[in-house]
Protein chains: 2
Amino acid sequence: MSLKPILLGFLENPSSGYDLKKIFDETVRFFWSAELSQIYPTLHQLRSEGLVVSTRERSEKGPDREVYSRTPAGTEELQRWLAAGPVNHTERFAFLAQLFFLGQAEDLDLTRSFLQQLRARFADRLQVLRSIDDKEREEQPGYPESLTSRDFHAYLTLLCGLNRLEASVAWCDESLRLLEKRELLHHGGKKTTRDERGVLND
Amino acid sequence: MSLKPILLGFLENPSSGYDLKKIFDETVRFFWSAELSQIYPTLHQLRSEGLVVSTRERSEKGPDREVYSRTPAGTEELQRWLAAGPVNHTERFAFLAQLFFLGQAEDLDLTRSFLQQLRARFADRLQVLRSIDDKEREEQPGYPESLTSRDFHAYLTLLCGLNRLEASVAWCDESLRLLEKRELLHHGGKKTTRDERGVLND
DNA sequence: GCAGACTATATAACTTATGATATAGTATTC
DNA sequence: GAATACTATATCATAAGTTATATAGTCTGC
């Protein structure tokens with residue numbers, strides 16, 4: 001489970017479960033997310049393991065807050081996670097499975113449409129990341145040289161996203177190019193009829 | 001759940017659960033995997049939904065095989081999955097969370113070592129994909145132009161992996177370069193002592 | 001005063017996935 | 001003939017994650 005060490009990471013500053021949800025959505029949403037229904041029980045677990053402690057505080061804006069803080073044992077646990085090296089996350093890409101099985105259809109139009117949708121999504125996300133980068137460049141003079149250690153590391157994660165999304169868009173374009181070439185080679189521009197479309201082989 | 005349509009995809013050819021596990025490991029392991037303990041119950045579910053049928057067959061190499069085949073309803077279900085467009089898979093990258101929290105450590109050596117390990121892993125996987133590509137190029141004259149539709153789509157998924165891994169390696173290199181620049185700027189080449197290393201801020 | 005938005009915690013039901021273990025037939029090697 | 005490896009199916013316990021729902025306090029606008 002990576003959620004525990006991630007919560008420990010955020011609990012450098014004391015926060016409630018509700019706070020943590022917002023922090024997730026504001027900072028690491030591009031590579032990690034969690035629902036409140038997962039955060040609350042996990043905080044209870046961390047507390048029972050002595051990695052965090054909590055205090056009940058009155059809130060001016062709503063019901064009482066249960067505010068969690070990392071204990072020294074929690075900091076050690078986080079440290080162990082970081083020192084153990086990159087987590088081997090077997091990434092799953094359902095869209096590649098879909099593309100793979102589109103090979104069973106006779107209709108290359110399905111593949112083209114699929115790749116175009118994929119490209120649009122990657123391009124959208126790329127634009128979001130770029131606008132974040134642009135905004136930070138504007139606000140911080142000397143960005144990224146003058147960043148704090150925390151912001152520098154956050155910047156590296158942003159760079160990773162930019163990099164991968166650019167590669168993904170380029171791959172879509174390359175795939176669409178190969179598709180076009182293939183259609184010319186195999187069909188000489190022949191148009192498919194309605195009957196030929198969307199049929200998988202049995 | 002993407003496993004059901006993926007199994008349906010493979011069941012273009014009748015296979016047992018055991019076969020399917022091997023097919024996963026041989027074809028889509030780079031973007032999807034499944035354990036036998038997940039495959040067997042899922043096949044039972046698909047059968048109860050009428051999307052596959054099964055027959056018991058005697059095996060020469062071991063116990064009886066339960067061989068599953070896709071029904072027309074199963075083919076339709078697969079078709080729906082493919083026609084619905086790319087599955088929105090919120091990808092999670094634990095290694096980016098780790099990098100993010102390495103910002104809490106004073107020690108940039110930890111970050112360097114982390115990025116170096118990451119680079120090595122990406123480079124290893126890239127080499128595996130490249131050797132697969134090279135092998136197919138050797139075996140198939142006119143590759144990739146002369147591929148069947150299935151192999152062409154498989155080739156696109158391979159290209160995606162090559163593309164993303166190349167981008168990942170490049171990102172690691174870029175990050176290591178920025179790290180070095182940062183160390184020179186902030187510390188003027190100052191060496192950290194043992195006491196300063198690996199300590200997170202509380 | 002009440003509707004709607006936001007703050008705040010919590011749990012139940014369900015889905016998805018992994019790891020461990022049990023069972024048992026076949027084939028190969030020592 | 002015993003050990004090992006491979007073929008083959010199955011179940012259990014557990015973990016990880018999502019969706020829906022319940023409860024309740026505060027604040028703003030109408």
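Chain naming here is simple, since letters A, B, ... match the order of the sequence lines and numbering starts at 1 in each. Below, each value reflects all heavy atoms present in this structure, side chains not excepted, and no hydrogens, waters or symmetry copies.
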- Item | OP1 or OP2 of dT9(D) under 4.0 Å from side-chain N/O of Ser16(B) | yes
- Is any side-chain heavy atom of Leu43(A) less than 4.5 Å from a side-chain heavy atom of Leu20(A)? yes
- For the pair His89(A) (side chain) and Arg92(B) (backbone), establish whether a donor and an acceptor sit closer than 3.5 Å, ignoring hydrogens and angles. yes
- Candidates dA16(D), dA8(D), dT9(C) - which lies nearest the side chain of Tyr40(A): dT9(C)
- Item | Minimum-distance nucleotide (side-chain atoms of Trp32(A) versus dA8(C), dT9(D), dG17(D)) | dG17(D)
- Short side-chain N/O contact from Gln38(B) to OP1 or OP2 of dT18(C), under 4.0 Å: yes
- Task: Give one of base, sugar-phosphate or nothing for Ser37(A), where a contact means two heavy atoms less than 4.0 Å apart.
- Result: base
- Message: For Phe93(A) and Phe93(B), take the angle between the two ring planes, folded into 0 to 90°, and tell me which bin it lands in: parallel under 30, tilted 30 to 60, perpendicular over 60.
- Response: tilted
- NA contact type, Glu66(A), heavy-atom cut-off 4.0 Å: base, sugar-phosphate, or nothing? sugar-phosphate
- Should the ring pair Phe122(A) and Phe95(A) be called parallel, tilted or perpendicular, given that the plane angle runs from 0 to 90° and is split at 30 and 60? perpendicular
- Query: In terms of side-chain geometry, is the basic nitrogen of Glu138(A) or Lys135(A) positioned less than 4.0 Å from the acidic oxygen of its partner?
  - Reply: no
- Separation of atom NZ in Lys61(A) from atom P in dC6(C), rounded to whole Å: 13 Å
- Nucleotide dA15(D), atom P - distance to CD of Glu35(A) in whole Å: 21 Å
- Message: Mind checking if Arg58(A) touches a base, just sugar-phosphate, or nothing, with heavy atoms under 4.0 Å?
- Response: nothing
- Item | Distance in angstrom units between Glu60(A) CD and dG25(D) P, rounded | 17 Å
- Query: In whole angstroms, how far is the P atom of dT16(C) from the NE2 atom of His89(B)?
  - Reply: 12 Å
- Residues within residues 17-28 of chain B bordering DNA chain C, heavy-atom distance below 4.0 Å: none
- How long is the line joining CZ of Arg65(A) and C1' of dT7(C), in whole Å? 9 Å
- Taking OP1 and OP2 of dT18(C), is either one under 4.0 Å from a side-chain nitrogen or oxygen of Arg92(A)? yes
- Query: Considering only dA8(C), dT16(C), dT18(C), which nucleotide approaches the side chain of Pro63(A) most closely?
  - Reply: dA8(C)
- Message: Output the rounded distance in Å from CZ (Arg47(B)) to P (dT9(D)).
- Response: 11 Å
- Item | Closest non-hydrogen atom pair between Trp32(B) and Phe24(B), with its separation | CD1-CE2, 3.5 Å
- His44(A) NE2 to dA15(D) C1': how many Å, rounded? 18 Å
- Task: Report the distance from atom CE of Met1(B) to atom C1' of dG17(D), rounded to the nearest whole Å.
- Result: 14 Å
- Task: Return the 5'-most residue of the pair Leu36(B), Leu36(A) with respect to DNA chain D, ranking by each residue's nearest nucleotide.
- Result: Leu36(B)
- State, to 0.1 Å, how close Trp171(B) and Leu156(A) come at their nearest heavy-atom pair, and which atoms those are. NE1-O, 3.0 Å
- Message: Looking at Asn13(B), is its backbone amide N or carbonyl O close enough to the side chain of Ser15(B) to form a donor-acceptor pair, meaning the two atoms are under 3.5 Å apart?
- Response: yes
